[in-house]
Visitor: 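Got a structure here, written out as C-alpha cells. Questions coming.
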Amino acid sequence: MMVPALLLMLGALTAVVAPRLLARADWPDREPVVALWVWQCVVAAVLLCCALSMTLSAAAAWQAVRGHVFAPAPQGVVEAYAFGATGPWAAATAVALACGGVWTAVMLLREIVRARARRRQQRDAVLLRAPLLPGEEPGTGRLVVLEGERPDAWWLSGATPRLVVTTAALRRLKGRQLDAVVAHEQGHAQARHDWLLHCSAALATGFPQVPVFAAFRDEMHRLVELAADDMASRRFGRVTTALALVELNEGRGVFGPSPAPHAHVPQRVNRLLAAPDRLTAARRLRLTAAAALVPVVPVLVAFVPGLRALG
C-alpha cells in the first residue's frame with residue numbers, strides 16, 4: 001500500500017519546491033494575476049494530495065470505507081491497490097488527515113465569521129460618522145465621504161458595496177487620482193480577492209508550522225494589491241495610480257526608514273513607475289496551463305494502479 005505514502009511525499013515535495021521556484025522567478029511581479037493562479041494551483045495540489053491519501057488510507061484500514069470508495073470498480077482494481085498488506089499506520093494516517101481537514105474547515109469558518117464581524121463594525125462606524133439625513137434611504141449611494149484628517153480610502157463590501165473616502169483624501173487626490181483609487185478598490189471587489197485572503201489566512205493560522213501556507217498568505221496579500229494596481233493603471237495610467245498611492249500613504253511614514261507596517265507600498269510605487277514589460281500572451285498561456293496541470297498530478301498518481309489493472 002504505497003500510493004497514500006507516495007501522495008504524501010508528492011504533497012511535501014510540492015510544498016517545498018514550488019514556493020522556492022516562484023520566489024526565484026522574475027515574472028510574478030510582472031503578471032500578478034497569473035501568479036495568483038499558480039499559487040492557488042500549488043496549494044490545491046498539496047491539499048488534494050492530503051485528501052486522496054486520507055481516502056485511500058481509510059479504504060485500506062476499514063472495509064466499509066473501501067466498499068463505498070470502490071463500489072463500482074471491478075475486483076481487479078481493488079486488488080491492484082494491495083489493501084490487504086496494510087499495517088496499523090493506515091488508520092492512524094486516515095484519522096490524522098481527517099482531523100487536519102476538519103481543522104481547516106473550522107479555521108476557514110472562523111476567518112469568515114471574523115471578516116463578517118469586521119465588516120459589520122466598519123459599517124456601523126461609517127453610519128455613526130456619516131448618519132443618514134432625514135428622508136435619505138440607506139444604500140442609495142456608492143460613495144461615502146467621511147470627515148477625517150488622515151487621507152484614506154477603502155472598499156466597504158456587503159449587500160450594497162460602497163467606497164469610503166475621507167475628506168483629507170479628497171483634498172490630496174488630484175484629477176484622476178481619485179478615479180484610480182476607485183478602480184483599484186473595484187478591482188479587489190470584482191476579482192473577489194477577499195476570498196483568497198480568507199482561505200490563505202485560514203490555512204496559515206490553522207497550520208502555522210507549514211511554511212507553504214504562510215508563504216501563500218503573504219503572497220496573496222502582496223499579489224492582490226499588484227493585480228488591483230494593474231487594473232487601475234490600465235484605465236488611468238501608471239503615473240496617476242502611483243501618485244494616488246503616494247498621496248494616500250505619504251503621511252503614514254511608509255517611505256521613511258521604518259516602513260514595516262506598509263513595506264509593500266514603496267515597492268508598488270516603484271513597480272508602477274518602472275513599468276515592467278509584461279509577458280507575451282503565449283507565455284502567459286503556457287504558465288496558466290502548466291499550473292492547471294499541477295493538481296492533476298496527484299489524481300494521476302492515485303489512479304495509476306487502477307488504470308493499470310484495467311489496462
Side-chain angles (χ1 to χ4, degrees), residues 18-19 22 27-48 51 101 104-123 126 139 141-144 152-165 179-207 212-236 241 244-245 248 264-265 268 271-272 278 284-285 287-289 291-292 294-295:
L22 288 171
W27 59 265
D29 285 359
R30 298 158 62 187
E31 297 292 345
V33 175
V34 178
L36 285 169
W37 169 250
V38 173
W39 268 103
Q40 292 176 72
C41 290
V42 168
V43 174
V46 173
L47 297 177
L48 194 56
T104 301
V106 170
M107 290 295 101
L108 180 58
L109 180 61
R110 188 183 73 165
E111 185 67 27
I112 293 174
V113 170
R114 287 183 174 181
R116 289 183 176 179
R118 287 193 297 268
R119 285 198 298 267
R120 192 181 305 110
Q121 291 176 356
Q122 289 176 348
R123 287 195 296 267
V126 169
R142 298 181 64 86
L143 178 66
V144 178
D152 202 359
W154 67 92
W155 189 260
L156 189 63
S157 58
T160 55
R162 290 175 291 177
L163 179 69
V164 182
V165 184
D179 295 330
V181 172
V182 174
H184 175 97
E185 298 299 334
Q186 287 178 340
H188 285 312
Q190 293 172 4
R192 299 309 303 266
H193 287 161
D194 54 336
W195 279 104
L196 283 177
L197 299 180
H198 294 336
C199 293
S200 61
L203 289 171
T205 304
F207 303 94
V212 66
F213 294 149
F216 179 50
R217 175 195 57 196
D218 295 341
E219 284 300 289
M220 289 303 98
H221 280 276
R222 189 178 70 88
L223 291 172
V224 297
E225 295 298 336
L226 298 186
D229 287 344
D230 287 348
M231 182 170 290
S233 66
R234 281 194 291 269
R235 294 180 58 186
F236 302 103
T241 306
L245 278 174
L248 287 178
H264 62 282
V265 176
R268 289 166 56 192
R271 173 181 175 272
L272 287 168
R278 297 193 63 188
R284 293 199 301 271
L285 182 61
L287 287 171
T288 303
V294 175

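We use all heavy atoms of the structure for the numbers below, so side chains are in, but hydrogens, waters and symmetry mates are not.
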Visitor: Can you check whether Phe213 reaches Leu47 side chain to side chain, under 4.5 Å on heavy atoms?
Guide: yes
Visitor: What pair of heavy atoms forms the shortest contact from Ala204 to Arg217, and how long is it?
Guide: CB-NH1, 3.6 Å
Visitor: Run Leu36 and Met220 through side chain to side chain contact (heavy atoms under 4.5 Å, CB included) and show every step you take.
Guide: CA-CA 7 Å; Leu36 285 169; Met220 289 303 98; 3.5 Å; yes
Visitor: Hey, does Arg284 have a side-chain heavy atom less than 4.5 Å from the side chain of Val33?
Guide: no
Visitor: Within a strict 4.5 Å, meaning less than it, do heavy atoms of the Asp194 and Arg192 side chains meet?
Guide: yes
Visitor: Specify the closest pair of heavy atoms between Ala244 and Val181, including all atoms of both residues, with the distance to one decimal.
Guide: CB-CG2, 3.9 Å
Visitor: Side chains of Trp27 and Leu22, heavy atoms from C-beta outward: is any pair under 4.5 Å?
Guide: yes
Visitor: Looking only at heavy atoms, which two atoms of Val212 and Trp39 are closest? And how far apart?
Guide: O-CZ3, 4.1 Å
Visitor: If you round to the nearest 0.5 Å, how far is CG of Leu223 from CZ of Phe216?
Guide: 10.0 Å
Visitor: Identify, with sequence neighbours excluded, every residue that meets side chain to side chain contact (heavy atoms under 4.5 Å, CB included) alongside Pro28.
Guide: Ala25, Ala35
Visitor: Could you tell me whether Arg114 and Glu111 make a salt bridge, using a distance below 4.0 angstrom between a side-chain N and a carboxylate O?
Guide: no
Visitor: Got a second to check how far Leu109's CG is from Thr104's OG1, nearest 0.5 Å?
Guide: 12.5 Å
Visitor: Would you indicate whether Arg30, at its atom CZ, is surrounded by more than 12 heavy atoms from other residues, nucleotides or ligands within a distance under 6.0 Å?
Guide: yes
Visitor: If the condition is side chain to side chain contact (heavy atoms under 4.5 Å, CB included), which residues does Cys199 pass it with, not counting sequence neighbours?
Guide: Leu108
Visitor: Apply side chain to side chain contact (heavy atoms under 4.5 Å, CB included) to residues Gln40 and Leu196 and explain how you reach the verdict.
Guide: CA-CA 9 Å; Gln40 292 176 72; Leu196 283 177; 3.4 Å; yes
Visitor: Under the 3.5 angstrom rule, does the side chain of Thr205 hit a backbone N or O of Ala202 as a donor-acceptor pair?
Guide: no
Visitor: Taking all heavy atoms of Ala18 and all of Val42, pick out the closest pair and write down the distance.
Guide: CB-CG1, 3.6 Å
Visitor: If you measure from CG on Asp179 to CZ on Arg235, what distance do you get to the nearest 0.5 Å?
Guide: 8.0 Å
Visitor: Run the side chain to side chain contact (heavy atoms under 4.5 Å, CB included) check on Leu226 and Arg222 step by step: do they pass?
Guide: CA-CA 7 Å; Leu226 298 186; Arg222 189 178 70 88; 3.6 Å; yes
Visitor: Kindly give the heavy-atom pair with the smallest separation between Pro295 and Cys41, and that separation in Å.
Guide: CG-O, 3.6 Å
Visitor: Check whether any side-chain heavy atom of Arg271 sits under 4.5 Å from a side-chain heavy atom of Asp230, and report yes or no.
Guide: yes
Visitor: What is the distance from atom CD of Gln190 to atom CE of Met231, rounded to the nearest 0.5 Å?
Guide: 5.5 Å
Visitor: Is there side-chain contact between Glu31 and Arg278, with heavy atoms separated by less than 4.5 Å?
Guide: yes
Visitor: Indicate yes or no for a side-chain donor-acceptor contact from Trp155 to the backbone of Glu185 under 3.5 Å, with no hydrogens or angles considered.
Guide: no
Visitor: Please report the closest heavy-atom contact between Asp152 and Leu248, naming both atoms and the distance.
Guide: N-CD2, 4.0 Å
Visitor: Kindly indicate whether the side chain of Val224, heavy atoms from C-beta on, has any atom under 4.5 Å from the side chain of His188.
Guide: yes
Visitor: Side chains of Leu245 and His184: closer than 4.5 Å at any heavy-atom pair?
Guide: no
